[in-house]
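The structure appears right after this line, and notes come after that.
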Amino acid sequence: MASCTVSILFLFPLIAAMSAEEPPGCKIRITNRGLEMLKYETQKFVVEELSNITMPEMKGKEGHFQYTIKEVKINELNLTYADLAFQPGLGLLFAVQNSSIALSFQRHILYWFFYDSGTINASAEGVNILTVLHMTRDELGRLKISNITCDASIAKMKMKFTGTLGRVYDFLATFLTTGMRFLLNQQICPVMNHAGLVLINSLLETIPVRTEVDKYVGIDYSLLSDPVVTSRSLDMDFRGMFFELGNESNTLVNYAINPIVREYDRMVYLALSEYFFDSGLYSYYKAGILQINIANEHMPKDLEMLLRTTYFGTIMMINPALVEYPISLQLELNSAPKTTIKTSGATVAITAIVTVMVLPPGKAPVQLSSMTMEAKFNAKVSMKGKRLAVQADLRRLKIYSNQSALESLALIPLQGPLKTMLQISIVPIINNWTKRGVAIPLADGMDFIAEVVEYHNGYLIIGANLHFSKGLREVIERKIQADAENAI
């Protein structure tokens, strides 16, 4: 018995830790197909970076020769074989094999009393570069390259001299090529390190982490853990939580299930749990904007006439003079809406208090009745670029009295006109608001295309292909420029 108690006490911290693990509200998977799309942009970017290699001036003496080599220029890079692949457990692998670099530089040579200068054309052949980018989560929850492992080698180097004594100096080629090959080889990895740790990280900084959606709410896309890298994909778990800007600590606890992505056919997959949508609805509810007042010109005439007929007796009992004044409807949610996602689609259920009032000019509104409205909306999720949008359609509505069952029976004729009014007047306002959408955690210059939405029990998955609206170089330069302007 004692040993059993000890075992339970030993396991308790582990059980508590497992239960405290926060499930993601948003997941993104990038597959090998997505990486293939990224390979061209990466190769183009690497060529541009290596073309900017600068080499120190070389000076020396060999026998009666004194030489100076300077103004080294990379003329052409021919990446015969370049590949971008997932490196399981680490991040990304960029490999260049059996490629070549054409370069030129100026020579100044003194032999006895003869001085000569000219251009040397050289080529580095058998260039191999192996670069591993270690991808992790930083302290802010941002995806970043934390380290780079680089190995570069050049199999051989050739030179061709021009000028008056070009053939005479050919025997110097062996000596110079050895030095140039060593110097060039020493420059490759520092360039790759700067490209990853500085430039690519500045690109990753364009992915939203904690940002405002509008003046009411923000969204938290911080990573919950380091990305999981396999030979087929890069999987990232994001918090995917909305929050009220006026009270950022008042957030909804995530009890939703963990979305499961099993597919690899598309370039990218975005999975969103019910919590993603519920946290947004909860934040807007707490911000106090999920309430509507329908009065005067916004009140449909048919509905107003029906309300006057229904509450004529009540008005006469309170004050017959109120008969001529406008009637209003106030809808205010008494709890946060709830999202339900099933294989058949997504719905949003709301419960609101509907208050019917008369509006005498210059006086306080007079309440005629208070009823409860339960409504359910179909929610159609779509993607455009990198913005997620939702379109609502009223599916079902029910109203009943808060005072008596008899009054609930009297409200039945109101249900049809009230549903029509909501569908015609209120739902378009909601859709006009939600169609602006919310940005997903994707870097600038990358957009979703050819999206397909699949609904599962408790979550949905959007499979899509990737499109580059901007090149890596353009995005990085704009980010660096923006940072510089903000620092002023």
Exercise for the section: Could you tell me whether D138 and K144 make a salt bridge, using a distance below 4.0 angstrom between a side-chain N and a carboxylate O? Expected result: no

Problem - Under-4.0 Å salt bridge between D226 and R137 - result: no

Practice task
Answer yes when E36 and K39 have at least one side-chain N-carboxylate O distance shorter than 4.0 Å, and no when they do not.
Solution key: yes

Problem - Side-chain donor/acceptor of T206 to backbone N/O of D444, under 3.5 Å - result: yes

Practice task
Would you sort out whether E332 and N293 count as a side-chain hydrogen bond (donor to acceptor under 3.5 Å, both in side chains), showing the intermediate values?
Solution key: CA-CA 9 Å; E332 182 174 0; N293 191 31; over 6 Å; no

Handout entry: Shortest non-hydrogen contact between S123 and E125, atoms and distance
Key = OG-OE2, 3.6 Å

Practice task
Ignoring hydrogens and angles, tell me if any N or O in the side chain of K156 forms a donor-acceptor pair with the backbone of G126 under 3.5 Å.
Solution key: no

Practice task
Look only at the side chain of R210 and the backbone of S222, and say whether a donor-acceptor pair between them is shorter than 3.5 Å.
Solution key: no

Practice task
Looking only at non-hydrogen atoms, find the nearest pair between Q43 and A82 and report the distance.
Solution key: OE1-CB, 3.7 Å

Exercise for the section: Please check if any side-chain donor atom of E244 sits under 3.5 Å from a side-chain acceptor atom of Y285, or the reverse. Expected result: no

Handout entry: N254 side chain vs P23 backbone, donor-acceptor pair below 3.5 Å
Key = yes

Exercise for the section: Answer yes or no: is there a donor N or O on one side and an acceptor on the other, between the side chain of T434 and the main chain of V390, under 3.5 Å? Expected result: yes

Problem - N201 side chain vs L197 backbone, donor-acceptor pair below 3.5 Å - result: yes

Problem - R266 to F448 six-membered ring, cation-pi geometry met (6.0 Å, 45°) - result: no

Practice task
Using modelled atom types only, decide if a donor and an acceptor are shared between the side chain of N185 and the backbone of S153 within a distance under 3.5 Å.
Solution key: yes

Exercise for the section: Identify whether the distance between the nearest side-chain nitrogen and carboxylate oxygen of E451 and K384 falls below 4.0 Å. Expected result: no

Problem - Minimum side-chain heavy-atom gap R142-E205 below 4.5 Å - result: yes

Practice task
Dump the intermediate steps for ring pair (Phe, Tyr, Trp, His ring centres under 6.0 Å) on F242 and F277, then the final yes or no.
Solution key: CA-CA 8 Å; F242 290 83; F277 300 97; 8.3 Å; no

Exercise for the section: Side-chain contact test, heavy atoms from C-beta onward, threshold under 4.5 Å: evaluate it for K398 versus Q415 and give yes or no. Expected result: yes

Practice task
Could you tell me whether a side-chain N or O of E274 sits under 3.5 Å from a main-chain N or O of I341, the two making a donor and an acceptor?
Solution key: yes

Exercise for the section: Just do the side-chain hydrogen bond (donor to acceptor under 3.5 Å, both in side chains) check on D214 and Y284 with the steps written out, would you? Expected result: CA-CA 11 Å; D214 51 34; Y284 281 113; 2.6 Å; yes

Problem - Side chain S273, main chain Y275, donor-acceptor under 3.5 Å - result: yes

Problem - Donor-acceptor under 3.5 Å (N32 side chain, S231 main chain) - result: yes

Handout entry: Heavy-atom check, side chain of L92 versus side chain of F86, under 4.5 Å
Key = yes

Handout entry: cation_pi(R29, Y264) dist<6.0 Å, angle<=45
Key = yes

Practice task
Please indicate whether R478 has more than 12 foreign heavy atoms, meaning atoms of other residues, nucleotides or ligands, lying under 6.0 Å from its CZ.
Solution key: no

